[in-house]
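Just so we're on the same page: letters track the sequence lines, and every chain starts at 1. Nothing here was measured: the structure is a model prediction, and the numbers come from that model.
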Number of protein chains: 2
Amino acid sequence: MTLRHAVLAALLDEERSGYQLAKAFDLGVANFWYAKPQQLYAELARLEQGGLISGREVVQDGRPNKRMFTVTGTGLAELEKFTAATAKPSVLRDDLMVKVQAADRVDTDTLIAQLTDRIGFAQDKVDLFERLLRTMRGERAEAEFLRHGRPIGPYLTCLRGLAFERGNLDWCERAITVLRDRQAAADA
Amino acid sequence: MTLRHAVLAALLDEERSGYQLAKAFDLGVANFWYAKPQQLYAELARLEQGGLISGREVVQDGRPNKRMFTVTGTGLAELEKFTAATAKPSVLRDDLMVKVQAADRVDTDTLIAQLTDRIGFAQDKVDLFERLLRTMRGERAEAEFLRHGRPIGPYLTCLRGLAFERGNLDWCERAITVLRDRQAAADA
DNA sequence: CCTGACTAGTCAGTTTCTTGAGTATCATGG
DNA sequence: CCATGATACTCAAGAAACTGACTAGTCAGG
C-alpha cells in the first residue's frame, strides 16, 4: 500500500491531474516511485472516496476536461502516520542483475549488449535528473538551496535517483570491462 | 516472470534445495533478487513440471528430508533466451523515498528517525556483502579474481549490491545533515 | 520440562501490478 | 489531407507478489 502514499506525496506541493501524475510516475521519469496510469487513476478514485484527497473539475477548451486533486487534512494525517511506521527496506530487483548472475553460463556478447543498452538508459536518466535538480534550485548554489530552498523533499529524492543511476552506469561499465578482459584471456 | 529466471540463475552454480534458495532470496541477504519462501517453492514446482530443473530427494537423518534441484539443458536454454530479450530497466521503489518526498510537510524528527534506521540496515548489508566478496575471491586480489576467478556472475551482482547499499548509506547521511541544518536554521 | 530457534516445507486467500484495448478531441508535420 | 502524437481518461482480465497460518521433527538454553 505504498502507491497510496506515493500519490499523496506527489500531490503535496501542488494540485495535479491524474494525467500529470501519470507523466510523473512514468518509467522514463520516475524519481521516487513508478506506476502505470491505470494504477494511478484507480488509486486516485480510492483516495477521493476515502476523503484523503479532493478533486475539482477543470473545464478546458481545445482539450478534454480534467480533474485536479489536492491532499486534504485527513490525507496529510495519513502520510504522517505512514512516515512514522517502520518501512520495509527496499531491495534491488532488476532483470539485468539476474542476467549477470548467470554470466558464467550465458553468452558473453549477448550479456554485453544488454549492459550497453542499460548504459544508454542510465545516461539519459542521469542527464534528466541533473536538469531537474538545476531547475529546482534555480540560481542558487546547491549548498544554499539545501539550507533554505523549498520544496526540499523532491530535491532529496532526485539526488538519490541521480546517485542510483550513476551507480548503474558505473557498474555496467565495470562489468563490461571485466567480461571483455575475461573473453580476451579465454581466447588467448 | 523474472522470478523464474532468478531461480534458474541461482541454481546454476550448484544444486540447491528450496530451503537454501529461500535463505538466499531473503530480505536480509538478497543480493540480486528478493522473494518469499512460498513464492520460491511454487516456482520450483512449476519449473520442475516444465522440465527446466530436475529435483532429487535427499534422505537425511536428524532432520527432514529435502529436495535438491539442478538446472536442465532446457532450463539453461530458457535462461539464454531470457538474457537475449530486452530487459525493462529497474526503477527505485522505496517506502523511504516516499517519506522523504513528503519532507516539507511531515515531522522532521520522525523522518530523521527513519533515515537513521535505514543507515543501520544498510551498514549491515555493506558488511555482509564485503564478507561475501572476500569469501568468493579467497586469497586472490580483486583484480586477479575479476580476470580469472569463477563464478564471476555472483561476484559482479554482489558488487552492485554493495554499491547500492553504500549509496543508500551516503544518501541517508546527507539527508539527515540537510534536514538537521534546516531545522536549526528554522529554530534560530 | 518448556520455550524458542532451525530445518524443510505446504496451503489458502488477498492485494498489487501489469497487459492490452478502447474513447474522444485537438494540434502538428509532411 | 492524412497520420502521428499529445491530452485525458476508462474497463477488464490475468499474472505476480504478499500475508498469515500450519505441519513436524531436532536441538540448545534456561
Would you call the rings of B/Phe82 and B/His5 parallel, tilted or perpendicular if under 30° counts as parallel and over 60° as perpendicular?
->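 The rings of B/Phe82 and B/His5 lie parallel, inter-plane angle below 30°.
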Has the side chain of A/Gln38 got a donor or acceptor atom sitting under 3.5 Å from an opposite partner on the base of C/dG20?
->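 Check passes, donor-acceptor contact within cut-off.
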For residues A/Phe69 and A/Leu44, report the shortest heavy-atom separation together with the two atoms involved.
->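 Residues A/Phe69 and A/Leu44, closest heavy atoms: CE1-CD1, 3.8 Å.
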Give one of base, sugar-phosphate or nothing for A/Gln39, where a contact means two heavy atoms less than 4.0 Å apart.
->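 Result for A/Gln39 = base.
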Roughly how many Å is it from [atom1] in [X] to [atom2] in [N], rounded to a whole number?
X       : N      : atom1 : atom2 : answer
A/Glu43 : C/dT15 : CD    : P     : 13 Å
A/Met68 : D/dC9  : CE    : P     : 9 Å
B/Lys36 : C/dC11 : NZ    : C1'   : 16 Å
A/Gln20 : D/dA8  : CD    : P     : 8 Å
A/Leu40 : D/dC9  : CG    : C1'   : 12 Å
B/Arg93 : D/dC18 : CZ    : C1'   : 14 Å
B/Gln60 : C/dT7  : CD    : P     : 11 Å
A/Tyr34 : C/dT16 : OH    : C1'   : 13 Å

So, A/Glu165 and A/Arg160, do they make that salt bridge, N to O below 4.0 Å?
->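 A/Arg160 and A/Glu165: not salt-bridged.
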For [N] and [X] - does any side-chain N or O of the residue sit under 4.0 Å from the phosphate oxygens OP1/OP2?
X       : N      : result
B/Ser17 : C/dG9  : yes
A/Lys66 : D/dC9  : no
B/Lys88 : C/dT19 : yes
B/Tyr19 : C/dT7  : yes
A/Tyr41 : D/dC9  : yes

Hey, does the Lys NZ or Arg CZ of B/Lys66 hover above the aromatic six-ring of B/Tyr19, less than 6.0 Å from the centre and inside 45° of the axis?
->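 B/Lys66 over B/Tyr19 ring: no.
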Of all the nucleotides listed (D/dA24, D/dA17, D/dT7), which has the minimum atom distance to the side chain of A/Pro64?
->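 Among D/dA24, D/dA17, D/dT7, the one nearest the side chain of A/Pro64 is D/dT7.
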Just one of A/Gln49, A/Glu48, A/Glu43 clears the side-chain hydrogen bond (donor to acceptor under 3.5 Å, both in side chains) bar with A/Arg46, so which one?
->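 It is A/Glu43, the one option of A/Gln49, A/Glu48, A/Glu43 that forms the side-chain hydrogen bond (donor to acceptor under 3.5 Å, both in side chains) with A/Arg46.
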